[in-house]
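Here's the structure we're looking at; comments come further down.
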There are 2 protein chains.
Amino acid sequence: MTARDDEAAPTRQHDPCRTREVLDIVGDKWSLLVVRTLQEGPRRFTELKRAIDGISQRMLTVTLRSLERDGILTRTVRNVMPPHVSYELTPMGRTLQEATAPLLEWSHAYLPHIDAARAEYDTRTGSPTGRS
Amino acid sequence: MTARDDEAAPTRQHDPCRTREVLDIVGDKWSLLVVRTLQEGPRRFTELKRAIDGISQRMLTVTLRSLERDGILTRTVRNVMPPHVSYELTPMGRTLQEATAPLLEWSHAYLPHIDAARAEYDTRTGSPTGRS
DNA sequence: CGGAATCCATATCGATACTG
DNA sequence: CAGTATCGATATGGATTCCG
């Protein structure tokens, strides 16, 4: 349930709930990829679909709708034949892109390290990968 | 200049897979919350459970195991009665915490704006989200 | 105290088919 | 071209119970 009554928040140390909500926005499988692709400028539906490898039509639509609803991007329809729909980051969307940039850079830097850590863990604990 | 002539606006993909993988690490429901709580120092299991409101025992265990496997945190067991298990960020875990800090700050700043954007979108489209 | 194991509800996602 | 609708597989997460 999404209870929107946060006026009774105790303001203790930091607010635990809000931190989680940001993942409801960009924590899904494709949102960050869409935001990152749109960072370079407006793109059409099929352009996005081509740019984001592996995404299905359905998930692209769902992701775009969600981001549009959250005010991260805008959807502009030109009613011609064939249809022309363009997506573009809002100012808020650009601030999101900037806020996520460090995380994307981190992933670049540390994913190999994580692969190594996983392998080491699996070896140590005798997990499926290593086997005996 | 341009060796290629027809590369007007290609909408290329940078590297699609790696960007996604970071979400397999911190894109779940609780990982960022755990990392953020451990930012303040080592914590025991029950301390984490109390600090992260709403998390179940199962999900805390699962999340901690995953982060341990990825080398984000360490698990230290003191074999006494009652058992004493302490979790602590690794150096790599701290770099992750720093990389996600901007995103957490962003959520702090923009979540109210997003709530407004959602309400406006739902009103505009007559969406059934909030029900009547 | 700090889990592991099981059961089950829901959320998420992909594939496919159809539409204006 | 840019969707929508439906279906089914799988992932995720909560509640509960048990155990050293």
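In what follows, every chain begins at residue 1, and chains take the letters A, B, ... in the order their sequences are listed.
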In whole angstrom, what separates B:F45's CZ from C:dA4's C1'?
11 Å
Only counting residues at least two apart or in another chain, list the ones meeting side chain to side chain donor-acceptor pair (under 3.5 Å) with B:T95.
A:W106
Tell me whether the OP1 or OP2 atom of C:dC1 has a side-chain N or O from B:Y87 closer than 4.0 Å.
no
Atom CG of B:D28 to atom C1' of D:dG14: distance rounded to whole Å?
15 Å
Taking for each residue the nucleotide of DNA chain C bearing the nearest heavy atom, is the 5' side occupied by B:V85 or by A:G27?
B:V85
Backbone N/O of A:Q97 and side chain of A:T100: donor-acceptor pair under 3.5 Å
yes
Is A:R65 touching bases, backbone alone, or none of the nucleic acid, heavy atoms closer than 4.0 Å?
sugar-phosphate
Under the side chain to side chain donor-acceptor pair (under 3.5 Å) test, residues paired with B:R65 that sit two or more places apart
none
Return the set of residues passing side chain to side chain donor-acceptor pair (under 3.5 Å) with B:E120 (not counting sequence neighbours), or none when no residue passes.
B:R124
Can you check the B:K49 NZ to D:dG14 C1' distance for me, whole Å?
11 Å
Without decimals, in angstroms, what is the distance between A:R43 CZ and D:dC1 P?
16 Å
Atom CD1 of B:I52 and atom P of D:dG14: how far apart are they, to the nearest Å?
12 Å
Residues that B:L23 engages under side chain to side chain contact (heavy atoms under 4.5 Å, CB included), provided they are two or more places apart:
A:L32, B:R20
A:D115: partners by side chain to side chain donor-acceptor pair (under 3.5 Å), with sequence neighbours left out
none
Whole Å only: how far is the CG atom of B:L48 from the C1' atom of C:dG3?
14 Å
Could you state the CG-P distance from A:L23 to D:dG13, rounded to the nearest angstrom?
10 Å
Using a heavy-atom cut-off of 4.0 Å across all strands, would you classify B:R78 as base, sugar-phosphate, or nothing?
nothing
In this structure, how many angstroms lie between the P atom of D:dC1 and the CZ atom of A:R75, rounded?
16 Å
Would A:R75 and A:Y87 count as having a side-chain donor-acceptor pair, cut-off 3.5 Å?
yes
So which protein N/O to nucleotides 14-20 of chain C N/O distances come out below 3.5 Å?
from	atom 1	to	atom 2	distance (Å)
C:dG14	OP1	A:K29	NZ	3.1
C:dG14	OP2	A:W30	NE1	3.4
C:dG14	N7	A:R58	NE	3.4
C:dG14	O6	A:R58	NE	3.2

